[in-house]
Amino acid sequence: MSRFDEVIERRGTNAVKWDGLKTVFGREDVLPMWVADMDFKAPDVVIEAIKQSAEHGVYGYTIVPDSTREAIVNWMQDRHGWAIKKEWLLFNHGVVPSIGAAVEALTEPGDGVIVQPPVYNPFFDMIQRNGRTLVYNELLLQDGRYEMDFADLEQKMVQEKAKMMVLCSPHNPGGRVWTAEELAKTADLCEKHGIILVSDEIHSDLTRAPHKHVPAASLKEEYAAFTITLIAPSKTFNLAGLQASALIVPDKTIRTKLQTLFAKQGQFTLNQMGIVGMEAAYRYGHEWLDEVLEYIHGNVQLVKEYADEHIPALSVMKPEGSYLVWVDCRTLGLSDKELLDLFLKHGVALGNGAKYGPGGEGFMRINVACPRSAVAETMERMKRAVESL
């Protein structure tokens with residue numbers, strides 16, 4: 001039995017995924033397969049580090065020490081082959097706030113900011129709430145796999161007078177791990193048209209062989225000059241509640257603009273447990289990550305094989321990275337609300353594809369970072385739901 005088979009009660013812990021069911025879905029008696037966090041305990045080394053910090057008993061102002069920076073530098077080299085420098089690192093409470101900060105600090109009201117839907121919906125919020133123009137470069141669905149539309153991307157860069165592009169790498173919700181060639185084409189266009197590239201790489205540690213994540217900024221020194229790379233231990237080690245993330249910003253001018261904005265906001269550090277958890281995870285979390293990746297792969301296989309055999313009306317897009325499974329339900333002929341309600345009626349709360357923007361209509365997103373028993377039960381409930389039509 002795997003340690004990840006343990007069913008941990010999360011109700012009553014202020015967990016969005018569980019305690020937010022009533023607010024979001026109107027009922028609590030459903031399996032929550034929507035929010036992208038894990039139902040697994042964090043690595044023991046992280047738990048122990050936080051316990052030791054908590055037992056000290058003094059929770060005063062903190063700094064992010066060099067040891068945390070060194071842990072991140074070593075992690076990026078060991079896992080992704082990118083030699084970054086400590087001075088390139090900035091810190092924020094999360095990747096989404098970092099996207100908002102980049103939009104505010106590096107573009108002007110009305111400027112175009114490109115995203116590639118269907119994609120993680122907070123991208124839209126950070127762009128529009130900061131008074132910028134949301135520009136869609138919609139992904140192409142080719143043989144059950146997303147591809148970039150580079151001709152449309154360049155056209156949008158020119159026509160919409162874009163100043164920034166927010167890239168989701170690996171892609172959420174589709175699970176694509178972009179190749180070095182795709183990333184280079186994207187970066188070349190950004191360089192040609194003077195676009196700042198903000199690369200959300202929060203799922204970068206969750207790829208599966210033969211797919212390998214490549215940080216876009218690592219491909220060329222020239223790319224690093226206009227790229228902001230966003231990482232966090234939150235998805236990798238299930239530490240979202242610690243609210244700690246890092247920005248890798250090689251260019252000093254861009255880094256200074258971000259630091260100026262953080263200063264205006266009164267932000268100067270992370271919380272104590274976030275720092276401790278982040279460092280422990282990046283320093284000692286390799287073995288735990290390898291184990292959880294193998295377990296998640298088994299869950300993905302279960303979803304794919306079960307759907308192929310028992311629910312052929314649904315087409316499962318097997319992710320190359322992340323623990324999110326994108327399911328094409330369009331053959332059912334239902335509206336997005338009807339789809340969501342159908343699965344809710346049979347006891348499963350899923351991510352509604354329509355919220356991820358154009359191209360997401362008719363899809364559902366399943367989070368499989370949970371005990372296998374929950375994944376198996378989810379598939380059985382989805383089967384009953386489809387059979388009820």
Side-chain angles (χ1 to χ4, degrees), residues 35-38 75-76 78-82 94-96 98-99 114-123 137-142 144-149 153 165-187 197-219 223 227-238 240 245-248 289-290 292-297 299-301 303-304 316-327 351 353 356-357 359-360 363 365-369:
V35 173
D37 69 5
M38 301 181 184
W75 181 267
M76 294 303 296
D78 293 344
R79 301 296 295 203
H80 304 296
W82 186 20
V95 165
V96 172
S98 295
I99 293 171
I114 297 172
V115 297
Q116 296 177 306
V119 74
Y120 186 49
N121 54 298
F123 287 9
N137 167 229
E138 191 171 338
L139 296 175
L140 303 174
L141 187 56
Q142 307 279 12
R145 186 172 184 257
Y146 283 120
E147 304 285 349
M148 293 192 194
D149 186 341
L153 177 59
M165 175 177 179
V166 183
L167 174 70
C168 198
S169 178
H171 181 254
N172 170 14
R176 266 304 313 275
V177 175
W178 306 115
T179 65
E181 291 76 18
E182 289 169 315
L183 293 169
K185 283 184 180 180
T186 303
L197 181 61
V198 178
S199 186
D200 172 1
E201 303 186 8
I202 197 169
H203 294 279
S204 58
D205 301 317
L206 299 168
T207 60
R208 282 177 288 281
H211 308 285
K212 181 174 175 56
H213 172 73
V214 179
S218 72
L219 290 169
Y223 298 164
T227 301
I228 301 168
T229 304
L230 307 178
I231 64 168
S234 51
K235 304 300 182 188
T236 309
F237 300 104
N238 202 29
S245 76
L247 304 84
I248 305 172
L289 177 57
D290 291 339
V292 83
L293 283 174
E294 185 66 26
Y295 190 86
I296 289 168
H297 178 66
N299 283 351
V300 170
Q301 285 290 103
V303 171
K304 175 66 174 170
V316 172
M317 188 181 294
K318 192 174 180 181
E320 299 168 355
S322 87
Y323 47 72
L324 305 169
V325 181
W326 194 229
V327 182
Y356 300 102
F363 286 78
R365 193 188 78 171
I366 309 175
N367 170 9
V368 298

- [ ] Look up atom OG in Ser322 and atom CG in Asp205, then write down how far apart they are to the nearest 0.5 Å.
- [x] 12.0 Å
- [ ] Please examine the side chains of Asn367 and Val35, heavy atoms only from C-beta on, and report whether any two atoms are closer than 4.5 Å.
- [x] no
Open item on the list: What I'd like to find out is whether the side chain of Val214 reaches to under 4.5 Å of the side chain of Val177, using heavy atoms alone.
Closed with: no
Open item on the list: Taking Thr229's backbone N and O only, do any of them form a donor-acceptor pair with Glu201's side chain (distance below 3.5 Å, no angle check)?
Closed with: no
Open item on the list: Using the side-chain hydrogen bond (donor to acceptor under 3.5 Å, both in side chains) criterion, which residues pair with Trp326? Sequence neighbours excluded.
Closed with: Tyr146
Open item on the list: According to side-chain hydrogen bond (donor to acceptor under 3.5 Å, both in side chains), who are the partners of Asp37, at least two apart in sequence or on a separate chain?
Closed with: Arg10
Open item on the list: Is any side-chain heavy atom of Val95 closer than 4.5 Å to one of Tyr120?
Closed with: no
- [ ] Please answer whether the main-chain N or O of Arg176 pairs with a side-chain N or O of Arg145 as donor and acceptor at a distance below 3.5 Å.
- [x] no
Open item on the list: As a quick check of understanding, evaluate side chain to side chain contact (heavy atoms under 4.5 Å, CB included) for Leu167 and Thr227, giving each step before the final call.
Closed with: CA-CA 10 Å; Leu167 174 70; Thr227 301; over 6 Å; no
Open item on the list: Using the rule given for side chain to side chain contact (heavy atoms under 4.5 Å, CB included), can you reason through Cys168 versus Gln116, listing the C-alpha separation, both sets of side-chain angles and the distance that settles it, and then say yes or no?
Closed with: CA-CA 8 Å; Cys168 198; Gln116 296 177 306; over 6 Å; no
TODO: Quick one: closest heavy-atom pair of Pro170 and His213, and the distance?
DONE: CD-ND1, 3.7 Å
- [ ] Using a 4.5 Å cut-off on heavy atoms from C-beta on, say whether the side chain of Tyr323 contacts that of Val292.
- [x] no
Open item on the list: Quick check for you: to the nearest 0.5 Å, what is the distance between Met38 atom CE and Thr236 atom OG1?
Closed with: 7.0 Å
Open item on the list: I need the minimum non-hydrogen distance between Gly174 and Met317, along with the two atoms involved.
Closed with: O-SD, 3.5 Å
Task: Flag side-chain contact, heavy atom, 4.5 Å: Arg79 against Lys212 - done: no
Task: Any Leu153 side-chain heavy atom under 4.5 Å of Lys185 side chain - done: no
Open item on the list: Would you say CD of Glu294 has more than 12 non-hydrogen atoms from neighbouring residues, nucleotides or ligands within 6.0 angstrom?
Closed with: no
Open item on the list: Does any part of the side chain of Thr186, heavy atoms only, come nearer than 4.5 Å to the side chain of Trp178, both counted from C-beta?
Closed with: no
TODO: Determine, stepwise, if the pair Ser245 / Leu230 fulfils side chain to side chain contact (heavy atoms under 4.5 Å, CB included).
DONE: CA-CA 8 Å; Ser245 76; Leu230 307 178; over 6 Å; no
TODO: Take Ser204 and His80 through the test side chain to side chain contact (heavy atoms under 4.5 Å, CB included) and record every step on the way to the result.
DONE: CA-CA 9 Å; Ser204 58; His80 304 296; 3.8 Å; yes
Task: Straight-line distance of Arg208 CZ to Gln301 CD, nearest 0.5 Å - done: 9.0 Å
Task: Check: Glu138 main-chain N/O paired with Asp149 side-chain donor or acceptor under 3.5 Å - done: no
Open item on the list: Measuring centre to centre across the rings, with the benzene-like ring taken for any Trp, is Trp82 within less than 6.0 Å of Tyr223?
Closed with: no
Open item on the list: Nearest 0.5 angstrom please: Glu147 CD to Leu139 CG, how far?
Closed with: 9.0 Å
Open item on the list: Check this for me: Lys304, atom NZ, are more than 12 non-hydrogen atoms of other residues, nucleotides or ligands nearer than 6.0 Å?
Closed with: yes
Open item on the list: Once rounded to the nearest 0.5 Å, what's the spacing between atom CD1 of Ile248 and atom CD1 of Ile228?
Closed with: 11.5 Å
Task: Shortest non-hydrogen contact from Arg365 toward Pro173 - done: CD-CB, 3.7 Å
Open item on the list: Restricting to non-hydrogen atoms, name the atom on Val368 and the atom on Asn299 that form the minimum distance, rounded to 0.1 Å.
Closed with: O-ND2, 2.8 Å
Open item on the list: Can you confirm whether Val119 sits close enough to Tyr356 that some side-chain heavy atom of one is under 4.5 Å from a side-chain heavy atom of the other?
Closed with: no
Open item on the list: Show the nearest heavy-atom pair for residues Ser199 and Ser169, with the distance to one decimal.
Closed with: OG-CB, 4.1 Å
Open item on the list: Main chain of Pro319, side chain of His171: is a donor-acceptor contact present, judged purely on distance under 3.5 Å?
Closed with: no
Task: Atom pair NE2/OG1 of His203 and Thr207 - distance to nearest 0.5 Å - done: 12.0 Å
